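One structure follows; several queries about it will come next.
Nothing here was measured: the structure is a model prediction, and the numbers come from that model.
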Amino acid sequence: MSRTQLKIGHTLLILVSLIWCTRESAEAATRLGFYSSTCPNVESLVQSSVQFFLTSDISFAPALLRMFFHDCFVQGCDASVLLDGFSAERAASANTGLRGFEVIMDAKSRVEAECPGIVSCADILALAARDAVVMTNGPSWDVPLGRMDGRRSLASDVAVNFPSPRDSINALKQKFSARGLSTEDLVALSGGHTIGQADCGFFSDRLYNFKSTGTPDPNINPNSLRQLQRICPANGNGNSRVALDKGSKNTWDPSYFQNLIAGNAVLESDEDLVSDPDTQSLVDTFANSVDSFNSAFTKSMVKLGNVGVKTASQGGEIRRMCSVTNF
């Protein structure tokens with residue numbers, strides 16, 4: 001074979017590779033109006049399920065938002081957190097207390113009744129998270145759709161990839177960066193804790209034995225420390241739940257950031273946000289402007305929703321039931 005033929009062959013190989021990569025990227029991209037012709041009522045169907053459950057129990061709102069975050073951060077936004085199994089993601093310790101599965105299952109049933117085999121569980125979860133925020137007087141945003149459901153769900157993947165409430169600020173930045181998310185995304189998405197709750201087991205060490213010192217975290221406001229110790233006694237079972245936004249746990253507002261500044265952070269990872277100059281400046285901005293917070297949060301949710309989107313060539317599917325893969 002001549003040198004010219006080798007060059008042509010090499011060039012063709014590069015072009016084929018570029019075309020394939022472009023095709024995969026396009027296939028993996030979400031977009032607005034994805035179901036406009038195949039399931040035009042999907043958003044109203046999901047919204048009706050979310051409203052049905054949240055009208056009687058508003059605590060489903062932070063649960064759905066948490067579920068979406070926990071799903072996207074491990075294998076990407078592929079509904080892998082919804083899969084059942086003793087070794088599945090939802091069995092991981094970081095997913096202790098994860099709830100709201102019945103909301104997604106109900107929404108899936110409504111969607112399947114009208115558009116069988118069309119809408120992924122991953123897209124339903126993304127819509128439900130948005131609707132949950134809206135029902136707490138939070139901002140709304142257009143949700144790009146077109147995700148496929150993943151087939152892999154392992155608890156061991158959670159320990160490696162998921163941010164821990166005990167992570168340092170540098171570790172948090174690194175984990176977000178690995179998902180294509182910025183420091184601003186880190187702070188804005190943490191703001192979802194304005195409607196969040198946490199089990200005592202996730203932070204009780206801060207109350208009694210911070211970093212093995214035998215004493216509480218000195219950064220906790222003394223009044224908050226006494227309140228938290230009453231809810232989470234030293235010999236408790238760790239299952240009691242505490243609002244992450246003192247004073248307005250069911251309302252979307254910037255008081256979460258104001259509480260961080262006042263020393264009322266519950267989780268160590270939340271406290272970390274006021275210990276770093278980059279994140280501290282964002283905390284200050286969001287604490288003083290709900291519009292700035294809402295704008296950053298909605299943009300970050302769209303970015304988060306595009307993490308690890310599955311394609312058919314990557315084993316993606318449209319599950320018939322959200323808790324099990326197709327057979």
Side-chain angles (χ1 to χ4, degrees), residues 62-63 65-74 81 89 92-98 157-213 216-221 224-225 228 231-232 238 240-246 249 254-287 293 296-297 300-301 303-304 307:
L65 183 58
R66 181 189 181 208
M67 186 187 297
F68 179 68
F69 184 82
H70 282 228
D71 181 50
C72 292
F73 233 95
V74 181
V81 76
E89 287 176 26
S93 59
N95 287 332
T96 297
L98 209 62
D157 289 334
V158 179
V160 175
N161 297 298
F162 197 74
S164 164
R166 296 178 178 85
D167 277 342
S168 68
I169 190 63
N170 287 332
L172 291 171
K173 286 181 176 181
Q174 289 169 4
K175 289 181 178 180
F176 272 71
S177 178
R179 296 291 179 268
L181 301 170
S182 67
T183 297
E184 180 170 314
D185 296 323
L186 163 61
V187 181
L189 291 171
S190 295
H193 287 171
T194 186
I195 55 170
Q197 301 180 70
D199 290 355
C200 293
F202 285 114
F203 62 88
S204 59
D205 56 317
R206 294 190 71 210
L207 310 181
Y208 302 101
N209 189 27
F210 183 59
K211 296 189 182 301
S212 302
T213 60
D217 184 343
N219 292 314
I220 304 178
N221 181 296
S224 288
L225 177 61
L228 291 172
I231 300 170
C232 308
S240 296
R241 299 179 69 79
V242 173
L244 297 176
D245 185 6
K246 182 180 179 181
K249 66 178 182 178
S255 65
Y256 160 79
F257 296 105
Q258 296 161 6
N259 273 317
L260 298 188
I261 296 169
N264 296 324
V266 175
L267 301 177
E268 184 179 345
S269 55
D270 285 347
E271 170 65 33
D272 286 343
L273 298 179
V274 291
S275 68
D276 176 85
D278 295 334
T279 54
Q280 169 75 68
S281 64
L282 290 163
V283 168
D284 291 339
T285 297
F286 297 156
F293 167 40
F297 179 82
S300 295
M301 283 294 284
K303 287 179 66 176
L304 176 64
V307 171

Practice task
Verify the distance criterion only: is there a donor paired with an acceptor across the side chains of Asp167 and Ser269 at less than 3.5 Å?
Solution key: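 No, no side-chain donor-acceptor pair sits under 3.5 Å.
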
Problem - Lys/Arg N to Asp/Glu carboxylate O, Asp217 vs Lys211, below 4.0 Å - result: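 Looking at Asp217 and Lys211, the cut-off is not met.
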
Exercise for the section: Answer yes if the ring centres of Phe210 and Phe203 are under 6.0 angstrom apart, and no otherwise. Expected result: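 Here the rings of Phe203 and Phe210 have centres that are no less than 6.0 Å from each other.
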
Problem - Ring center gap for Tyr256 and Phe286 short of 6.0 angstrom - result: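 Not close enough - the centres of the two rings lie 6.0 Å or further apart.
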
Problem - Flag for Asp245-His193: side-chain donor and acceptor within less than 3.5 Å - result: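 Side-chain D/A pair, His193 to Asp245: absent.
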
Problem - Lys173 and Asp278 ion-paired at < 4.0 Å - result: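 Judged by the 4.0 Å cut-off on N to carboxylate O distance, Lys173 and Asp278 do form a salt bridge.
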
Practice task
Check whether the side chains of Asp284 and Ser281 place a donor and an acceptor atom closer than 3.5 Å, and report yes or no.
Solution key: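 No, Ser281 and Asp284 have no side-chain donor paired with an acceptor closer than 3.5 Å.
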
Problem - Atom pair CZ/CZ of Phe202 and Arg241 - distance to nearest 0.5 Å - result: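 Here the rounded value is 8.5 Å.
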
Exercise for the section: Evaluate side-chain contact (heavy atoms from CB on, under 4.5 Å) for Gln280 paired with Leu273, printing each intermediate quantity in order. Expected result: CA-CA 6 Å; Gln280 169 75 68; Leu273 298 179; over 6 Å; no

Practice task
Go through Ser168 and Glu268 one step at a time and tell me if the side-chain contact (heavy atoms from CB on, under 4.5 Å) criterion holds.
Solution key: CA-CA 8 Å; Ser168 68; Glu268 184 179 345; over 6 Å; no

Problem - Ile169 side, atom CD1; Leu186 side, atom CG - distance, nearest 0.5 Å - result: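 The CG atom of Leu186 is 5.0 Å from CD1 of Ile169, to the nearest 0.5 Å.
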
Problem - CZ on Arg179 to CD on Gln174, rounded to 0.5 Å - result: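 Atom-to-atom, Gln174:CD and Arg179:CZ are 12.5 Å apart.
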
